[in-house]
> 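The structure's right below; bear with me while I get my questions together.
Remember, it's 1-based here, ligands and their atoms both numbered in the order they're listed.
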Amino acid sequence: MTGTLEPLWPAPTATDPVDAVVTVPGSKSATNRALVLAALADQPGYVRRPLRSRDSLLMAEGLRALGVGIEDILNSSTGVPGGGDAWRVLPNALSGPARVDVGNAGTVMRFLPPVAALADGAVNFDGDPRSHERPLGGVITALRALGARIEDEGRGALPLTVHGTGGLVGGTVTVDASSSSQFVSALLLSGPRFQQGVEVRHSGAPVPSLPHIRMTVEMLRAAGAQVDAPEDGGEPDVWRVSPGALLGRDTVVEPDLSNAAPFLAAALVTGGSVLVRDWPERTSQPGDQLRELLTRMGGGCEPTPEGLRFTGGGAVHGLEADLHEVGELTPVLAALAALADSPSHLSGIAHLRVHETDRLRALADEINGLGGDVTETEDGLRINPRPLHGGVFHTYEDHRLATAAAVIGLVVPGVLVENVGTTAKTLPDFPGLWDTMLRATPAKG
Ligand SMILES: O=C(O)C1=C[C@@H](OP(=O)(O)O)[C@@H](O)[C@H](O)C1
Ligand SMILES: C=C(OP(=O)(O)O)C(=O)O
């Protein structure tokens, strides 16, 4: 999946303040957790309003390769195959031999090896070239300590083969999850199916993206698992999942609030207003913190019966923020910071160097390529706003780089986004959604 041959996408400029109602597709993180939990359950279940994007289709394919049935439920109003509004998941005996393509999906490369350890047979994992560089050693070492046999050419990374024997002993394991919270989530999600359950103890620098671990814990509990977590008065950095059956359930996936970021940002930079439909009242999604972060940057939020309305206040202010918990919001916040009326300092995000690309370097290089003044620090970015000009914005096969570029393009004419199709990792038809938002905006005059 290289994007270099795709034509450059001229990011549309907004001639007026945006004024639109946006339906954001389902959460990647929730969809992929729901699929894993449904696959490990004792009864069939449904994943409703799932995200259907590259990352979630890879998760579904990976589970199918292990023997799980995942059927499309047709949308009765359209009758379009594959365009349905639910997946029905039929758990089955997990077995190899199988091959799993993880693409560049962190959730697939980390959540599925523990599932494969429960299968009977060899399961080979490989993915995009970048997937070989993303941290996976914590999952591999932990699974070995819990009883799995894994061949990884000694690299502690992809490609690898899990030689499943139909079950895993489980027990207590220590892991350094400072490079990715997904190490912890991966072990917890399959934990109920380990003979002794699992106790995961983190040791190392602080774990990033804690809301994502809370999402794992909440979804496990909703599926009937017994989980002890630090936020319930437990020991810090220790999570415990008891062995037990998981229930086949009907799970409705919330909209992806991190993917709402560019749309809310559009309201902020144009001084307009965007309503994101079905914003949950309560959620573990890190994107919920956009309400506070974007308010600090100059807008205002209002819950409505239809969803969350966010209105720009006419100016974009700089932001001083530790984004350790909400790293995936960084690209859009950095784009806004480059357009602000005061400097910004985004910190706590060293782990972004091992995301889809080195996001700190990429954001600095690309914003600076448009005339910006962004400096990388050890764990973040300092952004001094400067007048920006058009030019090519490279995206390094990173969906969030592309959506960040679109935000800048709203107010900087001539921004050409490389491989906008890379947004399909988590956001199908982003250019279409963006155009719809802009077309919904009534022209002034
Ligand atoms: O568990 C998840 O669904 C995710 C956890 C986070 O990963 P890291 O902890 O590696 O940042 C986040 O950035 C990623 O987009 C999704
Ligand atoms: C880091 C991200 O993805 P992944 O699930 O591949 O880690 C992301 O979506 O910002």
> So which heavy atom in the protein is nearest atom 7 (O) of ligand 1, and how far is it from that ligand atom?
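Among all protein heavy atoms, the one nearest atom 7 (O) of ligand 1 is Q182 NE2, 3.5 Å.
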> I want to confirm something. Looking only at heavy atoms, which of R134, H212, E356 is nearest to atom 2 (C) of ligand 1?
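Nearest option to atom 2 (C) of ligand 1, by heavy atoms: H212.
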> For H355 and H351, take the angle between the two ring planes, folded into 0 to 90°, and tell me which bin it lands in: parallel under 30, tilted 30 to 60, perpendicular over 60.
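H355 and H351: perpendicular rings.
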> Check the pair T422 / Y396 against side-chain contact (heavy atoms from CB on, under 4.5 Å), numbers first and verdict last.
CA-CA 9 Å; T422 200; Y396 311 91; over 6 Å; no
> One pair to check against side chain to side chain donor-acceptor pair (under 3.5 Å): D72 and W87. What are the steps and the verdict?
CA-CA 5 Å; D72 267 313; W87 272 320; 3.2 Å; yes
> Using heavy atoms and a threshold below 4.0 Å, how should the contact between M215 and ligand 1 be classified: side chain, backbone, both, or neither?
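Near ligand 1, M215 shows nothing, with every heavy atom at 4.0 Å or more.
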> Distance-only criterion, 3.5 Å: show the donor-acceptor pairs between side-chain atoms of residues 138-148 and protein atoms not counting sequence neighbours.
| from | atom 1 | to | atom 2 | distance (Å) |
| --- | --- | --- | --- | --- |
| T141 | OG1 | G137 | O | 2.7 |
| R144 | NE | I150 | O | 3.4 |
| R144 | NH2 | I150 | O | 2.7 |
| R144 | NH2 | D152 | OD1 | 3.2 |

> Please give me the minimum heavy-atom distance between D126 and L158, naming the atom from each residue.
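What the structure gives for the nearest pair is N-CD2, 4.5 Å.
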> Give the atom numbers and elements of ligand 1 that come within less than 4.0 Å of a heavy atom of H351.
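The list of qualifying atoms is 11 (O).
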> What protein heavy atom sits nearest atom 10 (O) of ligand 1, and how far off is it?
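Answer for atom 10 (O) of ligand 1: S180 OG, 2.7 Å.
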> Do you know the tightest heavy-atom contact between E366 and V392?
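Here E366 and V392 meet closest at OE1-O, 3.8 Å.
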> Could you see which bit of T107 sits under 4.0 Å from ligand 1, with heavy atoms only: side chain, backbone, both or neither?
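T107 to ligand 1: side-chain contact only, backbone stays beyond 4.0 Å.
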> Tell me which protein heavy atom sits closest to atom 14 (C) of ligand 1, plus the residue, atom name and distance to 0.1 Å.
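Closest protein heavy atom to atom 14 (C) of ligand 1: E328 OE1, 3.4 Å.
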> Considering residues at least two apart in sequence or located in another chain, which fulfil the side chain to side chain donor-acceptor pair (under 3.5 Å) criterion with E231?
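E231 satisfies side chain to side chain donor-acceptor pair (under 3.5 Å) with no residue once adjacent residues are dropped.
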> Return the residue, atom name and 0.1 Å-rounded distance of the protein heavy atom closest to atom 3 (O) of ligand 1.
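Protein heavy atom with the smallest distance to atom 3 (O) of ligand 1: S29 OG, 2.6 Å.
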> Taking all non-hydrogen atoms of both residues, which atom of N419 and which atom of E397 are closest, and how far apart?
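That closest heavy-atom pairing would be ND2-CG, 4.1 Å.
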> N or O contacts of ligand 2 with protein under 3.5 Å, please list pair by pair.
| from | atom 1 | to | atom 2 | distance (Å) |
| --- | --- | --- | --- | --- |
| ligand 2 | 3 (O) | K28 | NZ | 3.0 |
| ligand 2 | 3 (O) | E356 | OE2 | 2.8 |
| ligand 2 | 5 (O) | K28 | NZ | 2.8 |
| ligand 2 | 5 (O) | Q182 | NE2 | 3.3 |
| ligand 2 | 6 (O) | N104 | O | 3.4 |
| ligand 2 | 6 (O) | G106 | N | 2.7 |
| ligand 2 | 6 (O) | R134 | NH1 | 3.0 |
| ligand 2 | 6 (O) | K425 | NZ | 2.8 |
| ligand 2 | 7 (O) | R134 | NH2 | 2.7 |
| ligand 2 | 7 (O) | Q182 | NE2 | 3.4 |
| ligand 2 | 9 (O) | K28 | NZ | 2.7 |
| ligand 2 | 9 (O) | E356 | OE2 | 3.4 |
| ligand 2 | 9 (O) | H399 | NE2 | 3.1 |
| ligand 2 | 9 (O) | R400 | NE | 3.3 |
| ligand 2 | 9 (O) | R400 | NH2 | 2.8 |
| ligand 2 | 10 (O) | R359 | NH1 | 2.9 |
| ligand 2 | 10 (O) | R359 | NH2 | 3.0 |
| ligand 2 | 10 (O) | R400 | NE | 2.7 |

> Give the atom numbers and elements of ligand 1 that come within less than 4.0 Å of a heavy atom of H355.
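Near H355, meaning under 4.0 Å from one of its heavy atoms, ligand 1 has 8 (P), 10 (O), 11 (O), 13 (O).
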> Which of the numbered atoms in ligand 1 are below 4.0 angstrom from a heavy atom of R33?
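Answer for ligand 1: 1 (O), 2 (C), 3 (O).
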> Would you mind writing out the side-chain donor-acceptor pairs for residues 96-105 within the sub-3.5 Å range, not counting sequence neighbours?
| from | atom 1 | to | atom 2 | distance (Å) |
| --- | --- | --- | --- | --- |
| R99 | NH1 | N124 | OD1 | 3.1 |
| D101 | OD1 | G103 | N | 2.8 |
| N104 | OD1 | R134 | NH1 | 3.3 |

> Please find the pair of heavy atoms, one from S178 and one from P208, that lie closest to each other, and give the distance.
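Heavy atoms of S178 and P208 come nearest at O-CD, 3.4 Å.
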> Provide, to 0.1 Å, the distance between atom 9 (O) of ligand 1 and the closest protein heavy atom, together with that atom's residue and name.
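Minimum-distance protein heavy atom for atom 9 (O) of ligand 1 reads S181 OG, 2.6 Å.
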> Starting from atom 8 (P) of ligand 1, find the nearest protein heavy-atom neighbour and note its residue, name and distance.
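Of every protein heavy atom, S209 OG, 3.5 Å lies nearest to atom 8 (P) of ligand 1.
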> Starting at CE of M215, measure out to CG of L220 and round the result to the nearest 0.5 Å.
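CG of L220 is found 12.5 Å from CE of M215.
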> Could you go through the side chain to side chain donor-acceptor pair (under 3.5 Å) check for T216 and R33 one step at a time?
CA-CA 7 Å; T216 301; R33 282 166 174 75; 2.9 Å; yes
